[in-house]
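Each remark here refers to the structure printed beneath this line.
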Amino acid sequence: MPKITVTNGPEIDASEGERLTLALRDADVDILHRCGGNAKCTTCRVEITAGEPAQMTEAERDKLQEQEKIGEYRLSCQLLCAQDMTVTPLMTIESTGLDDRGPRPQDSITPEPVWVDKPE
């Protein structure tokens, strides 16, 4: 069972293969996901300080390359809990003043994931 440690937050016992964004949301961690977990808006961004996966979805890679943010953060909606990680949510209701997180993402990664190695 992967342990997700949230900087200045809880330690979460996530289910193997669970979407990171859902593990965070279900533990009441303040994190946005305004597009509903589809790698379109980047509001679910997290900094990973330990345990960063070596792979990412093509959708995440393409969105981060488009915004020239590869290596700066990851999209929690495109990450699976498969190992212990330490994460810091970067966009929150508190920090943005928005009134809600966004719609609950589906249980499985959307769009259908195609896994690629994370660019250096």
Side-chain angles (χ1 to χ4, degrees):
M1 179 174 289
K3 183 171 294 299
I4 308 303
T5 302
V6 180
T7 305
N8 299 319
E11 284 191 356
I12 302 164
D13 289 325
S15 297
E16 181 78 28
E18 180 179 14
R19 289 176 88 170
L20 178 58
T21 196
L22 292 177
L24 296 172
R25 177 189 171 99
D26 292 348
D28 291 323
V29 172
D30 185 3
I31 186 167
L32 300 179
H33 41 74
R34 304 288 291 179
C35 74
N38 296 296
K40 296 192 180 293
C41 70
T42 73
T43 59
C44 68
R45 64 186 77 155
V46 292
E47 179 183 1
I48 302 176
T49 54
E52 182 173 0
Q55 289 199 314
M56 60 180 22
T57 65
E58 279 186 345
E60 179 184 19
R61 182 200 61 204
D62 293 349
K63 179 53 78 174
L64 295 179
Q65 283 179 336
E66 171 189 308
Q67 296 187 350
E68 298 181 359
K69 298 297 184 184
I70 292 281
E72 291 186 32
Y73 53 77
R74 298 290 302 268
L75 302 182
S76 66
C77 74
Q78 299 295 300
L79 293 166
L80 295 176
C81 297
Q83 62 211 29
D84 293 351
M85 288 186 272
T86 301
V87 303
T88 304
L90 299 177
M91 294 193 75
T92 63
I93 290 173
E94 182 180 346
S95 70
T96 63
L98 294 170
D99 58 355
D100 71 81
R101 300 172 185 207
R104 187 180 198 284
Q106 295 178 21
D107 288 339
S108 58
I109 289 182
T110 53
E112 183 69 32
V114 175
W115 297 99
V116 298
D117 289 335
K118 180 179 66 97
E120 293 300 322

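Excluded from the calculations below are hydrogen atoms, water molecules and symmetry mates; all remaining heavy atoms, backbone and side chain alike, are included. All values derive from a computational prediction rather than experimental measurement. Along the sequence shown, residues are numbered consecutively beginning with 1.
Comment: R104 engages D26 in a salt bridge, judged by a side-chain N to carboxylate O separation of less than 4.0 angstrom.
Residues passing the salt bridge (charged side-chain N to carboxylate O under 4.0 Å, His left out) test with E68, sequence neighbours excluded: none. Taking the salt bridge (charged side-chain N to carboxylate O under 4.0 Å, His left out) definition, one finds that R34 meets it with D100, sequence neighbours left out. With sequence neighbours left out, the salt bridge (charged side-chain N to carboxylate O under 4.0 Å, His left out) criterion links E72 to K69. Contacts of T86 classified as side-chain hydrogen bond (donor to acceptor under 3.5 Å, both in side chains), with partners at least two apart in sequence or in another chain: none. A search for salt bridge (charged side-chain N to carboxylate O under 4.0 Å, His left out) contacts involving D84 returns nothing, not counting sequence neighbours. R74 pairs by the side-chain hydrogen bond (donor to acceptor under 3.5 Å, both in side chains) definition with E52, E60, not counting sequence neighbours. By the side-chain hydrogen bond (donor to acceptor under 3.5 Å, both in side chains) test, T7 pairs with T88, sequence neighbours left out. Under the rule for a side-chain hydrogen bond (donor to acceptor under 3.5 Å, both in side chains), the partners of R25 that lie at least two apart in sequence or sit in another chain are H33.
When all heavy atoms of Q78 and G37 are compared, the pair lying nearest together is NE2-O, 3.8 Å. A pairwise comparison of heavy atoms in S76 and I31 identifies OG-CD1, 3.8 Å as the closest pair. In terms of heavy atoms, S95 sits closest to L90 at OG-O, 4.2 Å.
Its side chain within the 4.5 Å cluster rule, M91 clusters with L32, I93, L98 among the Ile, Leu, Val, Met, Phe, Trp and Tyr residues. Grouping Ile, Leu, Val, Met, Phe, Trp and Tyr residues whose side-chain heavy atoms lie under 4.5 Å apart, directly or via other members, places W115 in a hydrophobic cluster with L80, I109.
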Under 3.5 Å, side-chain donor or acceptor atoms of residues 9-16 against the rest of the protein: list the pairs with distances, not counting sequence neighbours.
| residue | atom | partner | partner atom | Å |
| --- | --- | --- | --- | --- |
| D13 | OD1 | K3 | NZ | 2.9 |

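Checking side-chain atoms of R101 against main-chain N and O of D30 turns up no donor-acceptor pair under 3.5 Å.
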* To do: Could you walk me through whether V46 and L24 pass the side-chain contact (heavy atoms from CB on, under 4.5 Å) test, one step at a time?
  => CA-CA 11 Å; V46 292; L24 296 172; 4.3 Å; yes

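A salt bridge (charged side-chain N to carboxylate O under 4.0 Å, His left out) check over residues 89-98, counting only residues at least two apart or in different chains, returns nothing.
A single hydrophobic cluster is not seen to contain both L79 and Y73; linkage of ILVMFWY side chains at heavy-atom distances under 4.5 Å, directly or through other members, places them apart.
Heavy atoms from other residues, nucleotides or ligands lying under 6.0 Å from NZ of K40 number 12 at most.
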